[in-house]
2 protein chains.
Amino acid sequence: MAEVADGPARVVLTASVARRYYLDGRSKVEIAEEFGLSRFKVARLLDAARASGLVRIEIRHQGEIDVDLSARLQDRFGLQHSVVVDTPDDDADSLRGHLGRAAARLLAEIITPQDVLGLAWARAVSAMARALPPLPGTPVVQLTGALSLPDGPGTSVDVVREVASASGGAAHVFYAPFTVPDAATARALRGQPEVARAFAQLPLVTKAVAGVGLWKPGQSTLYDALSEDDRTALHRLGVCADVSGVFLSADGEAITTELSERMIGIDAEQMRAIPEVVVIPYGASKSPAVRAALRSGLVDGIVTHTALAHAVLEE
Amino acid sequence: MAEVADGPARVVLTASVARRYYLDGRSKVEIAEEFGLSRFKVARLLDAARASGLVRIEIRHQGEIDVDLSARLQDRFGLQHSVVVDTPDDDADSLRGHLGRAAARLLAEIITPQDVLGLAWARAVSAMARALPPLPGTPVVQLTGALSLPDGPGTSVDVVREVASASGGAAHVFYAPFTVPDAATARALRGQPEVARAFAQLPLVTKAVAGVGLWKPGQSTLYDALSEDDRTALHRLGVCADVSGVFLSADGEAITTELSERMIGIDAEQMRAIPEVVVIPYGASKSPAVRAALRSGLVDGIVTHTALAHAVLEE
DNA sequence: ACCGTGCTCGCTCATATGAGCAGAGGCAGT
DNA sequence: ACTGCCTCTGCTCATATGAGCGAGCACGGT
């Protein structure tokens with residue numbers, strides 16, 4: 001990287017050539033003619049200019065997206081889309097707001113009129129829904145039952161209806177809780193026409209948005225909603241993360257549990273069948289869960305913030 | 001120059017593509033295959049990346065040479081070589097030292113064993129000579145007679161001998177003053193074998209170094225050495241600059257004066273015949289003289305400092 | 001519904017470009 | 001001087017690249 005160790009005439013010539021090439025966009029042949037050199041000489045001067053650091057190329061985005069981290073996440077986990085928002089936010093609420101807006105922009109960008117949108121319930125998904133511009137007649141499908149959250153801004157049903165009505169598309173919703181006390185009740189609920197109709201739409205979903213929880217207190221809405229018995233039972237089975245009700249081990253294997261029988265929502269196989277599932281995790285402590293989700297192969301896109309992205313990439 | 005106004009997915013894609021192209025040096029075809037795009041799409045993304053400022057290319061030299069100013073001077077006046085030293089120096093002595101070293105490096109770079117070097121007398125030329133590494137057997141020719149300068153570091157003769165002995169080349173010198181009181185004396189001196197022999201070498205000179213004076217008190221060693229009558233006479237003739245004894249009007253026309261008959265040194269025509277004449281002017285106030293010199297067509301190269309270069313370029 | 005209008009995309013073909021090679025000096029060691 | 005080694009240069013030829021074109025598509029006006 002040492003500066004050109006040549007004489008001043010060569011330095012000036014190199015700089016002039018580099019200017020013509022990189023800034024004025026002339027071709028090497030043109031430059032060669034202008035300076036009376038062979039085009040090979042010009043190419044070598046340009047190589048030298050870059051090798052010596054005389055020409056410096058930098059890629060940087062002055063918006064709130066950290067393109068470098070985004071690309072690294074995308075490469076590392078083979079994702080279709082990755083958006084890392086550069087925000088120092090520590091507060092969960094404003095973080096959700098930021099990520100929600102970013103996810104809304106991403107979704108608006110990648111969705112087409114042919115797409116069918118699936119929405120799981122998560123607070124970040126709610127935040128996204130609020131920031132989402134009207135989509136062109138996109139049908140919206142509810143992926144999970146409702147979790148009762150006293151201070152929540154809306155249930156899974158509300159979010160789906162909201163997005164569908166703004167888009168003018170069909171809303172495939174059902175009224176049922178996410179978890180029930182026993183498998184029989186769950187089977188009965190799934191048998192109900194409304195629920196069955198909604199579930200019948202699942203194979204048609206082409207894009208979905210979900211949240212990610214870490215299987216620890218305060219790191220997963222589902223964890224916090226379950227009984228102590230359920231929590232520890234799943235913990236013993238090696239559950240590390242939940243992606244809107246789909247349980248994963250630390251290395252991303254889907255884990256089927258007795259609890260799965262008692263839930264009304266999408267399962268791992270159905271989720272895997274969706275071409276693009278985007279998750280919106282936040283909080284650096286969730287990194288094990290995010291790693292699990294990204295390794296699972298269920299997830300194709302991510303919207304998150306720098307701190308968590310860094311944590312995920314540092315193996 | 002506004003940042004990419006597109007969605008985040010496109011921004012990230014563009015940045016990834018730009019990184020692969022500009023930093024990893026992959027071809028557009030390779031990138032297209034890697035990302036599943038057409039090579040045209042890749043080209044358009046790259047264009048957009050540059051237009052939007054996501055990719056920034058800058059050319060800058062962290063040595064003491066201002067490559068941009070150098071190139072502008074070179075372009076503007078059609079010079080073969082131009083070196084602008086970036087120094088805030090105001091002190092004439094240290095400025096001369098800097099420029100002398102830069103000129104020495106330039107000369108060492110561009111001189112070949114076939115060259116014959118001509119040296120005019122100027123303090124900056126002395127400074128250069130002191131910094132000059134041994135040249136490979138280059139003959140050195142004295143271009144001007146001696147100016148008596150009480151505190152000077154050496155006469156024109158000394159400088160030529162010094163350079164020639166370091167190079168191991170022949171020294172073509174003569175002992176004569178630069179100006180004499182009348183034309184007859186000058187003719188007599190020119191007729192002397194020693195002087196005639198030196199002058200016979202002039203057509204062989206291929207590279208020469210000279211100084212530039214502005215025709216005002218304290219801005220030209222020659223001006224300061226002349227009588228009041230000569231000064232004003234030349235001033236009335238429109239003399240603006242002297243290039244080691246060759247007088248120029250403000251727009252660079254060579255001016256022949258009665259004084260020319262009384263000088264022992266190179267004339268305009270002989271100087272024009274030298275393929276490469278390099279001057280080493282300094283001091284921002286000299287800019288009219290430098291402009292005249294550069295416009296005259298007598299001068300092919302320049303070594304100077306930023307302040308003067310700026311002054312010269314500002315019309 | 002119908003037709004421009006403007007946009008994006010990927011094609012063709014002429015041109016620009018890079019990899020690798022061979023010849024021409026320069027240099028140090030016999 | 002000769003030799004081998006090294007660097008620098010410009011060549012050939014396969015490949016990459018850009019300019020310009022027309023097809024496809026969304027949008028907005030009548």
Side-chain angles (χ1 to χ4, degrees), chain A residues 2 4-14 16-52 54-55 57 107-115 133-138 167-169, chain B residues 2 4-14 16-52 54-55 57 108-115 133-138 167-169 206:
Chain A
V4 189
D6 285 305
R10 190 180 157 95
V11 170
V12 172
L13 175 64
T14 305
S16 302
V17 166
R19 154 176 291 280
R20 276 263 181 282
Y21 185 76
Y22 284 111
L23 303 185
D24 301 348
R26 308 322 212 83
S27 87
K28 296 179 185 180
V29 173
E30 275 182 304
I31 297 167
E33 279 162 7
E34 176 179 347
F35 287 85
L37 307 168
S38 79
R39 67 188 184 83
F40 306 97
K41 180 85 180 169
V42 171
R44 286 185 190 108
L45 284 176
L46 288 171
D47 286 347
R50 289 193 54 176
S52 70
L54 197 134
V55 168
I57 301 181
L107 193 59
E109 184 186 4
I110 66 175
I111 210 159
T112 70
Q114 288 73 46
D115 277 320
L135 305 172
T138 305
S167 308
Chain B
V4 188
D6 284 305
R10 191 180 155 94
V11 171
V12 172
L13 176 65
T14 305
S16 302
V17 166
R19 155 176 290 281
R20 277 262 182 282
Y21 186 75
Y22 285 111
L23 303 185
D24 301 349
R26 308 322 211 84
S27 87
K28 296 181 185 178
V29 173
E30 275 181 303
I31 296 168
E33 279 162 8
E34 175 179 349
F35 287 85
L37 306 167
S38 79
R39 66 188 186 84
F40 306 97
K41 181 80 180 173
V42 171
R44 285 186 192 106
L45 284 176
L46 288 171
D47 285 348
R50 290 191 53 175
S52 71
L54 197 135
V55 167
I57 301 181
E109 186 186 2
I110 65 176
I111 210 160
T112 69
Q114 288 72 46
D115 277 318
L135 304 172
T138 304
S167 306
T206 54

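Within every chain, numbering begins at 1; the chains are lettered A, B, ... in the order of the sequence lines, protein sequences first and strands thereafter.
The interatomic distance linking Asp47(B) (CG) with dG20(D) (C1') rounds to 15 Å, in whole Å. Between the CG atom of Leu46(A) and the C1' atom of dA19(C) there is a distance of 17 Å, rounded to whole Å. Taking atom CG of Leu45(B) as the reference point, atom P of dG18(D) lies 13 Å away to the nearest angstrom. In this structure, Arg44(B) places its CZ atom 11 Å from P of dC11(C), rounding to the nearest Å. If you take NZ of Lys41(A) and P of dT7(D), they are 15 Å apart, rounded to a whole angstrom. Between the C1' atom of dT9(D) and the NZ atom of Lys28(A) lies a distance of 16 Å, rounded to the nearest Å. Rounded to an integer number of Å, the gap from OH of Tyr21(A) to C1' of dA16(C) is 9 Å. Note: CD (Glu30(B)) to C1' (dA14(D)) measures 15 Å, nearest angstrom.
Closest-nucleotide positions on DNA chain D for Ser38(A) and Phe40(B) were compared, and the one nearer the 5' end corresponds to Ser38(A).
For the atom pair OG1 (Thr14(A)) and CG (Asp47(A)), the distance works out to 11.0 Å, reported to the nearest 0.5 Å.
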Leu45(B) vs Arg10(B), side-chain contact (heavy atoms from CB on, under 4.5 Å): CA-CA, chis, key distance, verdict: CA-CA 9 Å; Leu45(B) 284 176; Arg10(B) 191 180 155 94; 4.0 Å; yes
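Taking the side chain of Ser27(B) as heavy atoms from C-beta on, and the options dG18(D), dT17(D), dA16(C), the nearest nucleotide is dT17(D).
Residues Lys41(A) and Phe35(A) fail the side-chain proximity criterion, which asks for heavy atoms closer than 4.5 Å.
No donor-acceptor contact under 3.5 angstrom links the side chains of Thr138(A) and Asp115(A), judged on distance only.
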